[in-house]
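To keep things clear, I will list the structure first and then write my remarks on it.
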Amino acid sequence: MPRARTSQQPSLSVRLLAWYDVHRRVLPWRAPAGKRADPYRVWLSEIMLQQTTVQAVAGYYRKFLARWPTVGALAAARQDDVLAAWAGLGYYARARNLHAAAKVVAQEMGGRFPGTAEALRALPGVGAYTSGAIAAIAYDEKQAAMDANAERVIARLYAVETPMPKAKAELHRLCQALVPDWAKAISCRP
DNA sequence: GTCCGGCTGA
DNA sequence: TCAGCGGGAC
């Protein structure tokens with residue numbers, strides 16, 4: 001006979017963050033534990049990772065960062081050079097938007113990335129997912145960054161029957177409600 | 001041959 | 001609202 005439960009299970013976010021502490025991969029765009037992420041690096045990696053695997057991105061990411069270490073350097077590059085460096089990654093609109101956004105940040109924002117998800121969302125090539133991811137990772141904002149897989153997981157978790165893409169808004173609300181205020185205290189633990 | 005960890009333009 | 005975008009993985 002099963003023992004009566006005397007304590008309840010930790011929340012989903014607690015369990016996920018505990019898993020992350022043990023299993024997270026070492027990736028070139030991740031800041032060392034306890035250190036703050038550079039928004040330029042997070043942005044560059046997130047754009048490259050759109051529809052593209054970690055394995056395919058890693059080499060390109062290192063190459064871009066070595067050649068253009070700051071958003072100002074990237075903004076000063078010729079678009080032809082950016083596109084040539086991007087060759088092989090696919091979805092070349094990403095490279096054109098990357099360069100355009102770098103120019104906006106460098107020339108209209110003094111080289112500082114927008115400080116909120118909402119403001120990031122206005123940059124070319126930055127949509128709902130990417131703005132949330134950058135703000136969450138670089139600014140510790142309480143943002144749910146939902147990709148297509150997260151949408152499926154949340155839909156199953158909450159048995160949402162609404163077909164996609166109508167369900168997107170509801171799924172985002174459900175996911176946002178799972179994001180704890182104190183996520184940073186756990187995920188930044190050394 | 002099919003399917004992707006998104007965004008944009010129409 | 002949705003087709004199209006590129007290359008790799010299965």
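Each chain gets a letter, A, B and so on, in the order the sequences are listed, and its residues count up from 1.
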Length of the CE-P vector between A/M146 and B/dC7, whole Å: 13 Å
Of the listed nucleotides C/dG6, C/dC2, B/dG5, the one nearest the side chain of A/T52: C/dG6
Ring geometry between A/W43 and A/F113 (parallel below 30°, tilted from 30 to 60°, perpendicular above 60°): tilted
Nearest-nucleotide pick for A/R121, side chain only, options being B/dT8, B/dG5, C/dG7: B/dT8
Atom pair distance, as rounded to whole Å: CZ in A/R152 and C1' in B/dC3: 10 Å
Options B/dG5, B/dC7, C/dC2, nucleotide nearest the side-chain atoms of A/R25: B/dG5
P atoms of C/dG8 and B/dC7, separation to the nearest Å: 22 Å
A/E118 atom CD, over 12 foreign heavy atoms within 6.0 Å: no
Among B/dC7, C/dG6, C/dC2, the nucleotide that comes nearest once only the side chain of A/T130 is considered: B/dC7
Separation of C/dT1 C1' from A/M164 CE (nearest whole Å): 13 Å
Aromatic ring proximity A/W86/A/Y60, centre distance under 6.0 Å: no
Nearest-angstrom distance from the residue atom CH2 of A/W86 to P of C/dG6: 12 Å
Among B/dC7, B/dG5, C/dG6, the nucleotide that comes nearest once only the side chain of A/Y91 is considered: C/dG6
Closest to the A/N149 side chain, choosing from C/dG7, B/dG5, C/dC5: B/dG5
Test item: A/R94 side-chain N/O and A/M48 main-chain N/O as donor-acceptor pair under 3.5 Å: yes
A/K168 NZ - C/dT1 P separation (whole Å): 11 Å
A/L123 vs A/L49, nearer the 5' end of DNA chain B by closest nucleotide: A/L49
Between C/dT1 and B/dG5 - P atom distance, rounded Å: 24 Å
Sugar-phosphate, base or nothing in reach of A/A56, heavy atoms under 4.0 Å: nothing
Out of C/dC5, C/dC2, B/dT8, whichever nucleotide has its closest atom nearest the side chain of A/N97: B/dT8
Touch class at under 4.0 angstrom, heavy-atom based, for A/V126 against every strand present: sugar-phosphate
Nucleotide B/dC4, atom P - distance to CD of A/Q50 in whole Å: 17 Å
CZ (A/R112) with more than 12 external heavy atoms under 6.0 Å: no
Integer-rounded Å distance: B/dG5 P and A/R94 CZ: 13 Å
Length of the CG-P vector between A/L98 and C/dC5, whole Å: 21 Å
Which residue lies more 5' along DNA chain C, comparing A/A87 with A/P165 via nearest heavy atoms: A/P165
Worked check of side chain to side chain contact (heavy atoms under 4.5 Å, CB included) between A/L171 and A/M164: CA-CA 10 Å; A/L171 294 173; A/M164 290 290 286; 3.8 Å; yes
Sugar-phosphate only, base, or nothing, as touched by A/A150 at under 4.0 Å among non-hydrogen atoms: nothing
